[in-house]
Amino acid sequence: MNNRVHQGHFARKRFGQNFLNDQYIIESIVSAIHPQRDQALVEIGPGLGALTEPVGERLDSLTVVELDRDLAARLQTHPFLGPKLTIFQQDAMKFDFAALAEERGQPLRVFGNLPYNISTPLMFHLFSYTGSIKDMHFMLQKEVVNRLVAGPGSKAYGRLSVMAQYYCQIIPVLEVPPESFTPAPKVDSAVVRLVPYTEPQHPVSDVRLLSRITTEAFGKRRKTLRNSLNHMVAAGALEELSIDPTLRAENVSVAQYCQLANWLAKHQDEAQE
Ligand code: SAM
């Protein structure tokens with residue numbers, strides 16, 4: 001049998017299609033999500049409905065965002081799910097989650113077995129909507145989950161760790177082996193829960209500056225902060241903030257990156273005054 005065909009559908013590599021086939025894993029994910037009838041759930045990439053069916057059974061309505069036209073059409077005619085579904089046949093990277101939360105009158109619960117080829121940019125897109133999101137449950141490459149939860153001093157610690165931990169509390173839920181999918185991916189997978197903070201732990205006045213600082217610092221991982229940030233942060237600023245200028249990006253905490261972003265915000269304003 002061709003291992004790229006699942007339930008009569010030929011899996012499209014360009015859409016990152018690896019369909020869940022393992023009932024135990026599917027049930028574990030659904031119980032981690034714990035959907036309640038009155039909540040506004042949104043699935044990214046429902047595919048052939050492995051998660052959509054058991055989640056949809058527990059709800060009166062469910063929104064899904066699926067890029068593949070054939071799969072969206074299949075869901076539309078699904079015997080019991082079809083009438084409950086609101087299907088957006090579009091790119092989740094361009095989806096306006098705030099508009100949907102507004103329409104539903106409550107923050108969204110987003111979930112999905114994400115297409116791995118776009119999972120990191122997709123999470124960055126979702127971080128810009130954390131004010132409209134109650135929680136997220138995602139299947140990701142295990143390596144990406146390791147990066148999400150990594151702390152300073154670890155090899156996996158990087159820009160994704162800092163930005164994700166700025167926005168969300170992150171809880172790994174479950175590890176998933178390749179055989180649980182058809183076709184089997186070449187990597188191990190894991191499910192993670194991300195819960196946006198209602199009050200940020202380390203408030204920053206302009207999150208774009210946090211994004212810029214982490215891009216600069218981790219873009220020159222091997223350099224000390226004094227060198228990697230020299231065109232953004234004045235020499236004395238690191239001492240002023242009690243941040244050791246000889247640290248490398250991977251040894252700087254989320255709280256320290258937030259301090260640096262706030263320093264930059266303040267001094268940019270001063271420069272403009
Ligand atoms: N949920 C199904 C499952 O668990 O078996 C399918 C998961 S599969 C890993 C990823 C799904 O995301 C596919 O259905 C794919 O067509 C869809 N997809 C890929 N890129 C997408 C995008 N940019 N926006 C929305 N859906 C996308």
Side-chain angles (χ1 to χ4, degrees), residues 3-33 35 41-59 62-78 81-82 84-97 99-100 108-129 133 136-145 173-193:
N3 67 2
R4 295 200 68 80
V5 177
H6 190 54
Q7 296 177 12
H9 172 84
F10 188 86
R12 295 187 166 106
K13 214 173 181 166
R14 71 178 185 285
F15 290 153
Q17 292 179 351
N18 299 93
F19 301 102
L20 273 167
N21 61 28
D22 182 328
Q23 274 316 310
Y24 171 77
I25 297 290
I26 291 169
E27 279 161 30
S28 305
I29 297 170
V30 176
S31 77
I33 300 173
L41 279 104
V42 187
E43 181 175 7
I44 297 176
L48 291 160
L51 298 169
T52 327
E53 286 180 8
V55 171
E57 268 173 21
R58 292 164 168 79
L59 305 171
L62 172 59
T63 303
V64 300
V65 185
E66 172 58 66
L67 183 57
D68 186 319
R69 196 174 302 158
D70 294 341
L71 293 177
R74 241 174 108 137
L75 285 165
Q76 193 79 69
T77 54
H78 188 289
L81 270 180
K84 292 185 180 188
L85 294 181
T86 304
I87 304 174
F88 290 89
Q89 193 260 301
Q90 70 174 78
D91 184 350
M93 297 267 279
K94 298 189 181 130
F95 190 78
D96 185 343
F97 291 90
L100 181 64
L108 307 173
R109 303 196 63 208
V110 186
F111 69 99
N113 169 12
L114 296 188
Y116 291 170
N117 48 347
I118 58 157
S119 64
T120 300
L122 188 52
M123 280 192 287
F124 276 103
H125 178 65
L126 285 153
F127 293 154
S128 67
Y129 291 105
I133 296 175
M136 305 179 258
H137 289 83
F138 294 136
M139 175 86 75
L140 298 164
Q141 269 177 259
K142 191 174 140 191
E143 181 225 311
V144 176
V145 173
V173 173
L174 174 79
E175 294 195 1
V176 184
E179 317 78 79
S180 298
F181 304 85
T182 307
K186 291 196 175 67
V187 292
D188 286 329
S189 301
V191 177
V192 69
R193 174 183 298 137

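All ligand and atom numbering here is 1-based and tracks the order in the structure.
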**Q** Keeping Asn18 on the side-chain end and Pro178 on the backbone end, is there a donor-acceptor pair under 3.5 Å?
**A**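 It does not hold such a pair.
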**Q** Between Arg109 (side chain only) and Ile33 (backbone N and O only), is there a donor and an acceptor less than 3.5 Å apart?
**A** yes
**Q** Under 3.5 Å, is there a donor-acceptor pair between the side chain of Lys142 and the main chain of Glu175?
**A**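 Not confirmed, Lys142 side chain does not pair with Glu175 backbone.
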**Q** Does Glu43 reach the main-chain N or O of Val64 with its side chain, forming a donor-acceptor pair under 3.5 Å?
**A**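 Checking the backbone N and O of Val64 against the side chain of Glu43, no donor-acceptor pair under 3.5 Å is found.
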**Q** Could you check atom 20 (N) of ligand 1 against the protein and tell me its nearest heavy-atom contact, residue, atom and distance included?
**A** Pro115 CG, 3.5 Å
**Q** At less than 4.0 angstrom from any non-hydrogen atom of Gly16, what atoms of ligand 1 do you find?
**A** 8 (S), 9 (C), 10 (C)
**Q** Taking it one step at a time, do Met123 and Met136 satisfy side chain to side chain contact (heavy atoms under 4.5 Å, CB included)?
**A** CA-CA 10 Å; Met123 280 192 287; Met136 305 179 258; over 6 Å; no
**Q** Under a 4.0 Å heavy-atom limit, does Thr52 contact ligand 1 with its side chain, its backbone, both, or neither?
**A** neither
**Q** Leu20 heavy atoms, cut-off 4.0 Å: which ligand 1 atoms fall inside?
**A** 3 (C), 4 (O), 5 (O)
**Q** Check each heavy atom of Leu48 against ligand 1 and say whether those closer than 4.0 Å belong to the side chain, the backbone, both or neither.
**A** neither
**Q** Is the shortest N/O to N/O distance between Ala92 and ligand 1 below 3.5 Å?
**A**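 The answer is yes, given that Ala92 and ligand 1 share an N or O pair closer than 3.5 Å.
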**Q** State whether the side chain of Glu66 and the backbone N or O of Gly47 hold a donor-acceptor pair below 3.5 Å, judged by distance alone.
**A** yes
**Q** Which atoms of ligand 1 sit under 4.0 Å from any heavy atom of Gln90?
**A**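 Heavy-atom distances to Gln90 below 4.0 Å select 24 (N), 25 (C).
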**Q** Are any of the N/O atoms on Asn18, whether in the backbone or the side chain, positioned under 3.5 angstrom from an N/O atom of ligand 1?
**A**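 No - when backbone and side-chain N and O of Asn18 are compared with those of ligand 1, no distance drops under 3.5 Å.
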**Q** Below 3.5 Å, N or O to N or O, backbone or side chain included: is there any such pair between Asp68 and ligand 1?
**A**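 Such a contact does not occur with ligand 1.
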**Q** Pairs of nitrogen or oxygen atoms closer than 3.5 Å, one from Ala50 and one from ligand 1: do any exist?
**A** no
**Q** Taking only heavy atoms of Ile118 into account, list the atoms of ligand 1 that are under 4.0 Å away from them.
**A** 22 (C), 23 (N)
**Q** So which heavy atom in the protein is nearest atom 21 (C) of ligand 1, and how far is it from that ligand atom?
**A** Leu67 CB, 3.7 Å
**Q** In Å and rounded to the nearest 0.5 Å, what is the CG to CG distance from Leu75 to Leu62?
**A** 9.5 Å
**Q** Taking His125 for its side chain and Phe95 for its backbone only, find out whether a donor-acceptor pair lies under 3.5 Å.
**A** yes
**Q** Between the side chain of Arg193 and the main-chain N/O of Ala32, is any donor-acceptor distance below 3.5 Å?
**A** yes
**Q** Can you tell me how far the OH atom of Tyr116 sits from the NZ atom of Lys186, to the nearest 0.5 Å?
**A** 13.5 Å
**Q** Is the backbone of Arg14 close enough, under 3.5 Å, to the side chain of Asn117 for a donor and an acceptor to pair up by distance?
**A** yes
**Q** Starting from atom 2 (C) of ligand 1, find the nearest protein heavy-atom neighbour and note its residue, name and distance.
**A**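 It is Pro46 O, 3.3 Å.
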**Q** Please confirm whether Glu66 approaches ligand 1 to less than 4.0 Å, judged on its heavy atoms.
**A**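 Glu66 counts as a contact of ligand 1 under the 4.0 Å cut-off.
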**Q** Go through ligand 1 atom by atom and flag the ones less than 4.0 Å from a non-hydrogen atom of Asp91.
**A** 22 (C), 23 (N), 24 (N)
**Q** Heavy-atom contacts with Gly47 under 4.0 Å: which atoms of ligand 1 show up? List them by number with element.
**A**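 This gives 6 (C), 14 (O) as the contact atoms.
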**Q** Report the member of Arg12, Gln17, Glu43, Gln89 with the shortest heavy-atom distance to atom 13 (C) of ligand 1.
**A** Gln17
**Q** Checking Gln89 side chain against Leu67 main chain: does a donor-acceptor pair fall under 3.5 Å?
**A** yes
**Q** Which label fits Phe19 and His6: parallel for a plane angle under 30°, tilted from 30 to 60°, or perpendicular past 60°?
**A** parallel
**Q** Between Leu71 and ligand 1, does any nitrogen or oxygen pair lie at a separation below 3.5 Å?
**A** no
**Q** Distance to 0.1 Å, residue and atom name: give those for the protein heavy atom nearest to atom 19 (C) of ligand 1.
**A**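 Nearest protein contact, heavy atoms only, for atom 19 (C) of ligand 1 is Phe15 O, 3.0 Å.
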**Q** Can you sort out which atoms of ligand 1 are near Val65, meaning under 4.0 Å from one of its heavy atoms?
**A**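 The atoms of ligand 1 under 4.0 Å from a heavy atom of Val65 are 25 (C), 26 (N).
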**Q** Tell me which protein heavy atom sits closest to atom 1 (N) of ligand 1, plus the residue, atom name and distance to 0.1 Å.
**A** Gly45 O, 2.8 Å
**Q** Should one rank Asn113, Thr182, Leu114, Asn117 by closest heavy-atom distance to atom 3 (C) of ligand 1, which comes out on top?
**A** Asn113
